[in-house]
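Chain A is the first sequence line, chain B the second, and so forth, proteins listed ahead of strands; every chain is numbered from 1.
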2 protein chains.
Amino acid sequence: MPNNPATILDIAKRLNLSKSTVSRALRDHPDISQTTKEAVRRVAEELSYMPNAVAASFRYKRSKVIGLIVPQISYFFFPSVIRGIEEIVYKNGYNLLILQSNESFEREKENLNILVANNVEGILVSVSRKTKDFSHFKHLIDRDYPLVFFDRVVTDLEADCVLVDDVTASFNAVNHLIDRGRKKIGICTGNLNLLISQNRLKGYKMALQHRNYPVTDDYIVSCEWPDEAEKRTMELLNTANPPDAIFAISDLTMSGVMKAIFRKGLKVPEQIAVIGFCEETFRTMYNPPLSVIHPMGFEIGQASAELLFERINNNAREKIPYRTVYLEGTLEIGGST
Amino acid sequence: MPNNPATILDIAKRLNLSKSTVSRALRDHPDISQTTKEAVRRVAEELSYMPNAVAASFRYKRSKVIGLIVPQISYFFFPSVIRGIEEIVYKNGYNLLILQSNESFEREKENLNILVANNVEGILVSVSRKTKDFSHFKHLIDRDYPLVFFDRVVTDLEADCVLVDDVTASFNAVNHLIDRGRKKIGICTGNLNLLISQNRLKGYKMALQHRNYPVTDDYIVSCEWPDEAEKRTMELLNTANPPDAIFAISDLTMSGVMKAIFRKGLKVPEQIAVIGFCEETFRTMYNPPLSVIHPMGFEIGQASAELLFERINNNAREKIPYRTVYLEGTLEIGGST
DNA sequence: ACCGGTTGCACAACCGGTTGCGAAGATAAT
DNA sequence: ATTATCTTCGCAACCGGTTGTGCAACCGGT
């Protein structure tokens, strides 16, 4: 049983005015007299009129909404990103439509369709780990649809991207572990389909090679979920020659790593050191607070939204060239190394 | 620089057909011949046609979108709720528009306007802790706009609500602490403007009275954010007669409580016991895993969405009476008590 | 040849807000 | 009094997809 919200026409009828006059009165158009404006506003209030944004955006293609697709809203990274995005979005007078792909390629494609079908003026995406085919994005980019990738960006596609310099940050993190005297350093990485996982693994390997440490697959575990991270880390800890330090590439993997360490009863950092990409809220949940690389969630959100608005607001004839923004993921030393 | 997406008219022109025929062909209407349907589908593919959902929803008021307003997407409770909601929403062929109020009354009102202005067919809300005036909700409910409150529900307003039986669950939690021999039980609660905080405090007090324990304000700390929870808990722990157990009413407060305990260097559960409303992912992040009351996030999400769809799909003449669904927050004993 | 029924499609209205254009009435300038 | 200008507002089109209605063309039966 829906409702009959008052329209602009209801106001017009009450005052024996035309639609256009009411519309202009509400938008404070100079053509309309002060008395009429006041009358219109009074009746609007009386009928508790609420403008139907869809009608206007439908006609003029300015929905004032931008869309966001994230793999999932859990833990602390993506919520931080969202806060960063919201800040910029609200500042520009826009609103944000949030969708989760739940790490599903199909859901991601469908979400993209939903956003386009709903006339959003631009889209921010962090791709799902299942996504190997990027044609659904390419279609939009080819049409100059404003689109910015962040964190989990895509390869082989000309587009705006915002991410931390993963290789360098990982290099620094592992270097730090070596500085602290760790000899056997493991890595708990995510799905290697993702560029971000590849790059963080690359930084890890580079650091080992740089310090003339051996690189062995035995110390590399790759996992999709915290459960799996816990399981694989536990297997690693149970080997004859377990690592004395672990680098976790995200808060999800870190969560699994820490669970395994807890269950194994190891002392951090005495028996095993731990470092990873973790937001402040997350790192301080542990005792002692973890040593981390700051994943820059908030800043990534801000930067992505800013890039997007540059594209949205670009009325110039010439196209903005595609840009990639790298943020520096700084090291924060806690008690876990 | 926007784009010119293909419309149904472009397809019609190419094939010398009318708009209506193309529309019906795409929707597989029986009136249209198989050959025409195939031709339409071929051209649609060729032009990479994407239907403009706004146009249709604008005309027929069936946007197939429902809106969600949460205070914030952090920690683990609301993400769980969102997963529960999504399950039901997708099953019904709808989509979900997520907005954060960021605990701001103004933002909440604005978000509500945005959702209505965007023709969502129903709204799910967990109110901000700043909200004391509920007239913005009342306007909608009076118009039979489908609206369901969950978790942080409202008082003095006839509406559908979904929440855990907070009084009973809290009663059980504190009872459990007493069973474990704790004598001085503190509570870290949230903003007492919220009914949920009031009820959880009520359950706490009832349990103490039930077991003939004194109820003193000295053991009651109320806080808005994890930072504040940490600070207030620390103050409590530093008093001459600190509690030997703390009941935290949410994962946010629990996070602060645990930080204070860590900083104070207390052993859990030897020196201090801890229990609270925490999702599984959160409770197992600690070592040992916490004793908790299951906050039923996923189930709350499911139940709220189901109530909402009952209202959305109700074409009957008579109105559905408002219902309140209570879920049981079961106790899960971990190592913290 | 006539009639009833079916098939396949076109026409036009509709949703609500915005805006270009035009026009009536008031006022000012000549 | 006539013309030019300004003020204030109405008319109608538009956005894109959906659907009620209508109507040719065709088919089969008598």
Side-chain N or O of Thr21(A) less than 4.0 angstrom from OP1 or OP2 on dC9(D)? no
Just how far, in rounded Å, is P of dG8(C) from CG of Asn16(B)? 19 Å
Which nucleotide in the set dC15(C), dG17(D), dG17(C) lies at the smallest distance from any side-chain heavy atom of Tyr49(A)? dG17(C)
If you look at every strand shown and take non-hydrogen atoms under 4.0 Å, does Leu17(A) touch a base, only sugar-phosphate, or nothing? sugar-phosphate
For the residue pair Phe58(B) and Phe58(A), does the interplanar ring angle fall in the parallel (under 30°), tilted (30 to 60°) or perpendicular (over 60°) class? tilted
In whole angstrom, what separates Leu15(A)'s CG from dG10(D)'s P? 10 Å
For the side chain of Ser128(B) and the backbone of Ser101(B), is there at least one donor-acceptor N/O pair under 3.5 Å apart? no
From CG of Leu47(B) over to P of dG16(D), roughly how many Å is that when rounded to an integer? 14 Å
Counting only N and O atoms by type, is there a donor-acceptor contact under 3.5 Å from the side chain of Asp142(A) to the main-chain atoms of His139(A)? no
Can you check the Asp10(A) CG to dC15(C) C1' distance for me, whole Å? 13 Å
Per the atom types in the model, does the base of dG10(D) pair as donor or acceptor with the side chain of Arg24(A) at under 3.5 Å? yes
Send over the distance from Arg59(B) CZ to dC14(C) P, rounded to a whole Å. 8 Å
Here the distance between atom P of dA10(C) and atom CG of Asp31(B), to the nearest Å, is 12 Å
What's Thr7(B) touching, base or sugar-phosphate or nothing? Going by heavy atoms closer than 4.0 Å. sugar-phosphate
May I have the distance from Ile8(A) (atom CD1) to dC14(C) (atom C1'), rounded to whole angstrom? 17 Å
N/O (side chain, Ser33(B)) to phosphate O (OP1/OP2, dC9(C)) under 4.0 Å: yes
Between Glu86(A) and Asn102(B), is any side-chain donor less than 3.5 angstrom from a side-chain acceptor? yes
Taken to the nearest whole Å, NE2/His29(A) to P/dT8(D) is 12 Å
Check if the side chain of Ser20(B) and the base of dC9(C) share a donor-acceptor pair of N or O atoms closer than 3.5 Å. no
Contact under 4.0 Å: Ser18(B) side-chain N or O vs dC11(C) OP1/OP2: no
Comparing Gln34(A) with Arg27(B), nearest DNA chain D nucleotide closer to 5' gives the residue Gln34(A)
Thr36(B) near the nucleic acid: base, sugar-phosphate alone, or nothing, with a heavy-atom cut-off under 4.0 Å? sugar-phosphate
Distance-only side-chain donor-acceptor flag, Thr131(A) / Arg152(A), under 3.5 Å: no
Please determine whether a side-chain nitrogen or oxygen atom of Tyr60(B) lies at a distance below 4.0 Å from atom OP1 or OP2 of dG16(C). no
Categorize Lys61(B) for me: base, sugar-phosphate, or nothing, with a 4.0 angstrom heavy-atom threshold over every strand shown. sugar-phosphate
